[in-house]
Amino acid sequence: MRPSVEPIVIVGSGAAGLSTAESLRSAGYQGELQIVGEEQGWPYDRPPLSKQILAGTWLPEKIALLPQRRIDALAAQFIFGVRATSLNTEQRVVLLSDGRRLPYQALVIATGVRPRELRHPDLGNVHVLRTLEHAQLLRASLLPSDQRLVVVGGGFLGLEVAASARKLGAQVTVVEPVPGDPLASRIGLVAAAKLVELHRASGVRVLTGVGVTALTGDAEAPSPYVESGGEPDRRQPVREVHLTDGTALPADVVLIAVGSDPCAEWLESSGLLIDDGVVCDEYCAAGPNVWAAGDVARWLHRGLDRHVRLEHRTNATEQGRHVAQNILGAKLPFQPVPFFWTDHFETKIQLAGTLPHAADAEIVEGDAASDSFIQTFSVDGALRGVLCWNSPRRMTAYRNALEDSLRNIAV
Ligand SMILES: Cc1cc2nc3c(=O)[nH]c(=O)nc-3n(C[C@H](O)[C@H](O)[C@H](O)COP(=O)(O)OP(=O)(O)OC[C@H]3O[C@@H](n4cnc5c(N)ncnc54)[C@H](O)[C@@H]3O)c2cc1C
C-alpha cells in the first residue's frame with residue numbers, strides 16, 4: 001500500500017460534501033482536502049429554491065451553505081466548474097473534465113441527483129428545478145403576471161413550486177399520473193388529502209390519474225421571445241400540454257418534476273456497485289477507501305434492515321458527518337431516523353421515521369380538521385413514523401422516541 005500522503009478528495013460540493021469536509025476538520029484531520037464541484041460559485045442550499053427563492057422573498061446571498069469564515073476554516077482546495085468524469089479505484093485516482101488527475105487517500109462521492117427529464121421537443125419555457133440558476137430562470141418566466149404554469153408531477157417539488165407560483169400570481173395546474181391524492185404513500189392518507197385540499201383552496205388545479213403525452217410549441221410566437229442569461233432564446237415557446245385523456249392544457253410555462261436520478265454515471269467503469277445510487281455498506285463505504293454521502297448514496301441501514309437512499313436535506317448533513325468519522329477510523333454503522341420537511345403556502349409538514357404500508361395511523365395531538373396536528377404510524381404497537389402538520393416544536397421529542405424504537409429493532 002502507498003503511504004497515505006495524498007489528499008482526501010470530495011466530489012460534490014453540496015450539503016453532504018461540505019458536511020464531510022467540516023466534520024473531517026473538526027475531528028482533527030490536518031491533511032490536504034480537495035473539493036470538486038461541477039457548479040460554479042460557492043455552494044448554496046437547495047430547499048429554499050422551490051420556496052423563498054422562487055417566491056422572491058429571499059435573495060440568493062441568504063442561501064449560502066457556509067459563511068465565508070467557515071469556508072476559509074476548511075483550508076481546502078476548491079475545484080469548481082469541473083466535473084469528475086471517471087474513477088480508477090485501483091490507482092486511487094479521480095479524473096476530471098479539465099484533464100486533471102486527483103490521487104486520493106480517501107474519496108467521498110457526494111454528487112447528489114439530477115432531475116429526470118421527459119422526452120419532448122426542445123421548447124422554451126420548459127423547466128426543471130435543481131440549481132439556483134434553474135430557480136432564477138423559472139422565476140423570471142413566471143414574473144409576467146397571470147402566467148399559466150403546468151407542473152408535470154405532483155411530488156414534493158412539484159407541489160412546492162405550485163404553491164410558490166400561486167404566490168407570484170400564476171394560474172397553476174398540477175398533473176399527476178397516479179390516481180388518488182398526491183403524496184399519499186409519502187405522508188399518509190390524512191395529510192395527503194389535507195394537502196391537496198390546501199392547494200385547491202389556494203387556487204391550484206390538481207389533476208390526478210392523468211399523464212402527459214406531449215408538449216407542443218407555438219410556431220407563431222415572436223422570436224426571440226425571452227432573454228435568458230443575456231442570450232436571446234430562439235426556441236419555440238411551449239404552448240400546450242397534452243394529456244392521456246385527450247385534453248390539451250394551455251401553458252405559458254411548464255415545470256417537469258418527475259423525480260431525479262443519482263449522478264453516478266461517471267462511476268460506470270469504476271467497479272463500484274451502482275444500482276439506483278452508489279451502493280454502500282452500513283458504514284457508507286462503497287469500496288476500499290471510497291465512501292458516499294447524501295442523495296447519491298444507497299447504504300445498508302441496519303436499523304431498517306435494508307438499503308435506503310434518501311433525498312432529504314438533513315440526511316445529507318448527517319451522513320457527511322458520519323462518513324468523516326468513519327474515514328478517520330470510527331467504524332460506526334449509519335442508522336439515522338429518516339427525516340424531511342416540506343412547505344406549502346403557510347403550512348410546514350415534517351415526517352420522521354418511515355411510513356410502512358400496513359402501519360396503524362393515529363392522530364395523537366390536535367385533529368386533522370384543524371391547522372395543526374400530529375399523527376403517528378405504528379406496526380404491532382411499535383412506533384415507526386411521526387408526521388407533524390404545523391407543529392415543528394413537537395417534532396424533536398418524537399424524533400427521540402423514534403431513535404429509541406429504531407435502536408430496539410436494530411440488528
Ligand atoms: C428545489 C429543492 C427543494 C428541496 N426541498 C427540500 C425540503 O424542503 N426538505 C428536505 O428535506 N429536502 C429538500 N430537498 C432535498 C435536499 O436539498 C437534498 O437532499 C440535498 O441538497 C442533498 O445534498 P447532496 O450534497 O447530497 O447533493 P447536492 O446538493 O445535489 O450536491 C451535489 C453536488 O455535486 C455536483 N456534482 C454532480 N455530479 C458531479 C460530478 N461528476 N463532478 C463534480 N460535481 C458533481 C452537483 O452539481 C452538486 O453541486 C430539496 C431539493 C431541491 C432541489
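Note that the structure is predicted; figures quoted are calculated from it, not measured. When a ligand or atom number is given, it counts from 1 through the structure's own listing order.
Scanning the protein heavy atoms around atom 53 (C) of ligand 1, the nearest turns out to be Arg130 NH1, 3.7 Å. If you check which protein heavy atom lies closest to atom 34 (O) of ligand 1, you get Gly12 CA, 3.3 Å. For atom 29 (O) of ligand 1, the closest heavy atom belonging to the protein is Arg46 NE, 2.7 Å.
Annotation: cation-pi pair Arg186/Phe156 absent, no NZ/CZ under 6.0 Å from the ring centroid and within 45° of its normal.
Here is the list of ligand 1 atoms found below 4.0 Å of a heavy atom in Val11: 42 (N), 43 (C). Using a 4.0 Å cut-off to heavy atoms of Ala316, the atoms of ligand 1 that qualify are 22 (C), 23 (O). Atoms of ligand 1 lying under 4.0 Å from at least one heavy atom of Phe340, given by number and element, are 11 (O). In summary, the atoms of ligand 1 found under 4.0 Å from a heavy atom of Trp266, numbered by their order in the structure, are 41 (N).
When the heavy-atom distances from atom 32 (C) of ligand 1 to Ala292, Gly81, Ala110, Gly37 are ranked, the shortest goes to Ala110. Checking Lys348, Lys51, His134 against atom 8 (O) of ligand 1, the nearest heavy atom belongs to Lys51.
The pair Arg83-Asp98 does not meet the salt-bridge criterion, since no charged nitrogen lies less than 4.0 angstrom from a carboxylate oxygen.
Residue-level proximity to ligand 1 for Asn315 is absent, since no heavy atom of it falls below 4.0 angstrom. Under 4.0 Å from ligand 1, heavy atoms of Ala84 appear from its side chain as well as its backbone. Under 4.0 angstrom from ligand 1, the non-hydrogen atoms of Trp341 come from both its backbone and its side chain. Contacts of Glu311 with ligand 1, taken as heavy-atom pairs under 4.0 Å, involve the backbone alone. The proximity of Arg114 to ligand 1, defined as any non-hydrogen pair under 4.0 Å, does not occur for either the backbone or the side chain.
For Val82, the heavy-atom gap to ligand 1 drops under 4.0 angstrom.
Residue Gln30 qualifies as open at atom CD: its count of foreign heavy atoms under 6.0 Å is 12 or below.
Counting only heavy atoms from C-beta outward, the side chains of Pro333 and Tyr283 approach each other to under 4.5 Å.
In terms of N/O distances under 3.5 Å, ligand 1 is approached by Asp295.
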